Every structure is written in structure tokens, then in C-alpha cells.
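Fair warning: this is a prediction, and the values are worked out from it, not measured in the lab. Below, chain A is the first sequence line, B the second, and so on; all start at residue 1.
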2 protein chains.
Amino acid sequence: MRSAEFDRSHVLEQAMHTFMEHGYAKASMQKLTQATGLHPGSIYCAFGSKKGLFIEAVSYYHQQKLLAFEALFSDDQAVLSSLKQLLANTVQECVQNTCAKVCLLTRSLNEIEGQDPEIAQLLATNLQQIEHSLGEQIARAQRQGEAISDEAPLALARFITMGIYGMRTYAFTNADQNILEQMSAQLLRAIQKH
Amino acid sequence: MRSAEFDRSHVLEQAMHTFMEHGYAKASMQKLTQATGLHPGSIYCAFGSKKGLFIEAVSYYHQQKLLAFEALFSDDQAVLSSLKQLLANTVQECVQNTCAKVCLLTRSLNEIEGQDPEIAQLLATNLQQIEHSLGEQIARAQRQGEAISDEAPLALARFITMGIYGMRTYAFTNADQNILEQMSAQLLRAIQKH
DNA sequence: AGGACTCTTGAATGAACATTCAAGTATATC
DNA sequence: GATATACTTGAATGTTCATTCAAGAGTCCT
């Protein structure tokens, strides 16, 4: 026996950054071997293929986003203020000048469309899971009497989710923090009671 | 002298469809020659490169969208009803099962990020032009006393634009017509007077 | 210490890619 | 109809790509 010499999390972290920076197609194996420090053979041994590595990197990204979401929406805090923070964090990501400005899930979903149904399905499922969690939080806000619209919580969650997707694409045309903050405020207002 | 044997508009139309279906990177010259009926040499003679062909195909797409926009927002009609129709048309595109479901501009913008600043700039400029036209229409609606929020027309136009971008990405996760129509209604409500 | 097992290495492989160009072909002008 | 001037053709080019694999090296067990 002999255990693998590399730290799987660290490799996935680097691969994730490479895919975020270059997209799926343009993240060549050469870039991936440089970023991860692994040789081609090791990547194929550990992940099977470039696609396999991508799928694990996506899952790694998704896991991180889920954890951040759960940390943000802790039970002892108003849902609306957590939501406001979620949008503020998204804006902060969008105005970065690093690969952190992109959402690996939404960017890859746009790229992969019509190419690989298996990857598209994985991305969609991951995004829907976050949307679903958001729906639960909005339902909680309604139960707790926060000043939120009495529409179906899932409809409100979808609307916010769509808004975040839209902001991410919008930021590629104009990564102006003030504009993105104004959009966040408009989104929040749209789901509040008035 | 001898005039070109192919119809430039027809070639751009076919190239546009190929880029919409496969994205920029995966639309290989082989697929492009098959779709357009042109041989590689002819494409390079007429458009310089794959990138040159893409840029012209994007401009062709943009031109079409601008014409459709102007036809929709004719002067003798309430802006809000044209806007409603614009969103309904977008939903119809999103639920198609053909390449017509994607917006070449937003999809390419997501794909190209961090790869080719020249193309990114072109896409952003084209998208901003439509956003700007929408802003003018919203200003007109305000002047004509339609039941629309009295926020800055550009801010409202940005919000709708963002919403459309969001719906397009959302549709990749769940192309349900009812859901997309509900989102459209939520977007419209958010910019109306209340 | 020796042998068995497994992981690592990185050059080699073949496919797919964008691009070029010399030969071929059609048109226009005189 | 001859010549010049384009446009068309598609095989060839060189590059880049994902992937493989045989040789090498490390680790564990007896």
C-alpha cells in the first residue's frame, strides 16, 4: 500500500479556480496540471478525465456555497437582513477583478448548454438546491411576520435567484458597484410588503 | 471582376445559428463550413478568421434584435404593453427547444469572460445599446403618465435588463413557461407605481 | 532486507483544431 | 475569343488538445 501524495481538497480548490478563470473548454489539461501541480497521469488516475475533475470541482464549489449560505441564514437573525447580506456579498464578488467574480455554476451552465446534458443537469440541480434553501428561509420569514410579500415562498425565492443570475451577467457588461447595489435594493423591495 | 457567389446575409444567418447552438469555442470551423456551405478558404477570404466571422455574426444578431425592439416599441402604443410583450417574447424564446432559446450576446458574454477583451467589449456595448433604448422608452412612459415608478428611467431599464439576463440563465435550470411568465409579471410589478 | 503493491512521472499518441495556399474555375472586358 | 482578374476549392500544415502507458519510485508487510 501507498497513500496518495496530494491533498485532494487542495487540488480541487486549484482546479476550481482554473475552471472559474478560463471556463470549461479553455481550461486545458496543461493549465490544470500547472495549477494543481499534478501530472496528467495523476489527474486521470484520481478523477478519470477532465470532465470528472470538472464535476468534482463543481461539487466542491457548490459545497462551499452551501456552507456559506447556511452560515449566513442562522436561525437567530432576521431573514431579510441575511438576504440583504447575501446580495451584498454577491455584489462584492461581481466587482472583484479576480476569477472570484464569476459563479462557476451559472457561467458553466451558459457555456455547456447544448453540449453535455450530464453536466448541465448537475449544474441545474446544484443551483436548484440553493434556490430551494432560499425558499425555506423565505417561508420562515413569512411565519415570523417579517415585512415580506405573502406570495408563495418558492415564487419569491425564484425571483431573487433570477435576480442574482441577472446581476452576474449584468456585471460582465458593467461591473459598477453602485449600480449593482441599486439592483439589489430594487430586488429586495420587490419582495417586501408594501 | 467576378462577384462573390454566396449571399452574405444568408451565411451570417447560418453562422449565427451555429454559434448559438454550440457556443463560440465549440463551433468548429468544420461545423461552420457545413452550416454556411462555404469552404474554409472562402470564410477566411470574406471574414478574415473565425473570430472575424463571429464578430459579424454577433453584429447581425444584434441588428435583428434592435429591429425587433423598435418594431415592438412603436410610438402609438403604451410602453408598458410593449414591455409586457417584450418579456412574453423572451419567455417564448427561452422555452423553445432549438438554438433560438439562447441569447447569443449573453451566452457568449458568459463564455468569453477572461478570454478575449475585444469580443467582451463588443458584446457589452451591444447589450448596453438595447438597455439604453429601453431607458428611453421608460422615460417616455413616465412623461406620458403611465403607471410606472418615478425612479430614474435608466435605473428601471437596468432592472428589467438584469431581469431578462436572469430569466435566460434561469431557463437553463428550469425552462417552465409558467414559472418564467410569473417572473415576468413580478419584474413588471416591481417597476410599476403602487 | 526483500518482495509486492501502488502511486507518480512525463514523453508519446492520435485526434481535432484553425488556418493557409497553390491550383482550378468562373466572369468581365476588350 | 483571348486575356486578366477575381473568387472557389479542399488538401496540406502546424499547433494544441485530451488521453494513455510503460518505466520509475515510494511505501508497507513479512
Side-chain angles (χ1 to χ4, degrees), chain A residues 1-58 104 108 111-112 114-120 122, chain B residues 1-58 104 108 111-112 114-120 122:
Chain A
M1 261 302 221
R2 181 184 170 193
S3 57
E5 284 178 7
F6 61 87
D7 173 7
R8 202 171 176 91
S9 289
H10 180 252
V11 165
L12 286 175
E13 180 92 25
Q14 303 308 317
M16 179 186 86
H17 285 137
T18 307
F19 285 123
M20 287 170 77
E21 185 170 353
H22 299 102
Y24 178 60
K26 285 276 182 180
S28 62
M29 284 305 294
Q30 196 182 127
K31 284 175 189 145
L32 287 165
T33 54
Q34 279 169 10
T36 60
L38 259 54
H39 292 252
S42 300
I43 291 184
Y44 279 80
C45 176
F47 303 100
S49 64
K50 177 181 170 181
K51 177 174 165 179
L53 174 58
F54 180 68
I55 287 176
E56 290 218 30
V58 162
L104 182 59
S108 303
E111 179 183 352
I112 235 67
Q115 286 175 20
D116 190 316
E118 185 190 350
I119 296 181
L122 170 71
Chain B
M1 258 301 218
R2 180 185 168 194
S3 57
E5 285 177 8
F6 61 88
D7 173 8
R8 202 173 176 91
S9 288
H10 180 252
V11 165
L12 285 174
E13 179 93 26
Q14 302 309 315
M16 179 186 85
H17 285 138
T18 308
F19 285 123
M20 287 170 78
E21 185 169 352
H22 300 101
Y24 179 59
K26 286 276 182 181
S28 64
M29 284 304 294
Q30 195 183 127
K31 282 175 191 147
L32 288 165
T33 54
Q34 280 169 11
T36 60
L38 259 55
H39 292 253
S42 300
I43 290 183
Y44 278 81
C45 176
F47 303 100
S49 63
K50 178 182 170 181
K51 178 175 164 180
L53 175 59
F54 180 68
I55 286 176
E56 290 217 30
V58 162
L104 182 60
S108 303
E111 179 182 352
I112 236 66
Q115 286 176 19
D116 190 315
E118 185 191 350
I119 295 180
L122 170 70

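Using a 4.5 Å heavy-atom threshold, the side chains of A/I55 and A/E118 count as touching.
The end-to-end axis angle of the helix from C/dA1-D/dT30 to C/dC30-D/dG1, rounded to 10 degrees and based on five pairs per end, is 0°.
The separation between B/R8 atom CZ and D/dC7 atom P is 11 Å, rounded to whole Å. We find that CZ of B/F47 is positioned 11 Å from P of D/dT8, with the value rounded to whole Å. Atom P of nucleotide D/dG10 and atom CD1 of B/I43 are separated by 14 Å, given to the nearest angstrom.
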ask   = Taking protein heavy atoms under 4.0 Å as touching, what does nucleotides 13-19 of chain D look like 5' to 3' if B marks base contact, S marks sugar-phosphate-only contact and - marks none?
value = ----SSB
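The main-chain N or O of A/A27 is found under 3.5 Å from a side-chain atom of A/K50 such that the two form a donor-acceptor pair. Within the 3.5 Å criterion, the main-chain N or O of B/I119 finds no donor-acceptor partner in the side chain of B/K51. Between the side chain of B/K26 and the backbone N or O of A/A25 there is no donor-acceptor pair closer than 3.5 Å. A donor-acceptor pair under 3.5 Å links the side-chain atoms of B/E111 to the main chain of B/Y24, judged by distance alone.
With sequence neighbours excluded, no residue satisfies salt bridge (Lys or Arg N to Asp or Glu O under 4.0 Å) with B/E21.
The phosphate of C/dT8 has neither OP1 nor OP2 within less than 4.0 Å of any side-chain N or O from A/H39.
Taking each heavy atom of B/V11 and B/T36 in turn, the nearest pair found is O-CG2, 3.7 Å.
A 6.0 Å sphere centred on CD of B/Q30 holds no more than 12 heavy atoms belonging to other residues, nucleotides or ligands.
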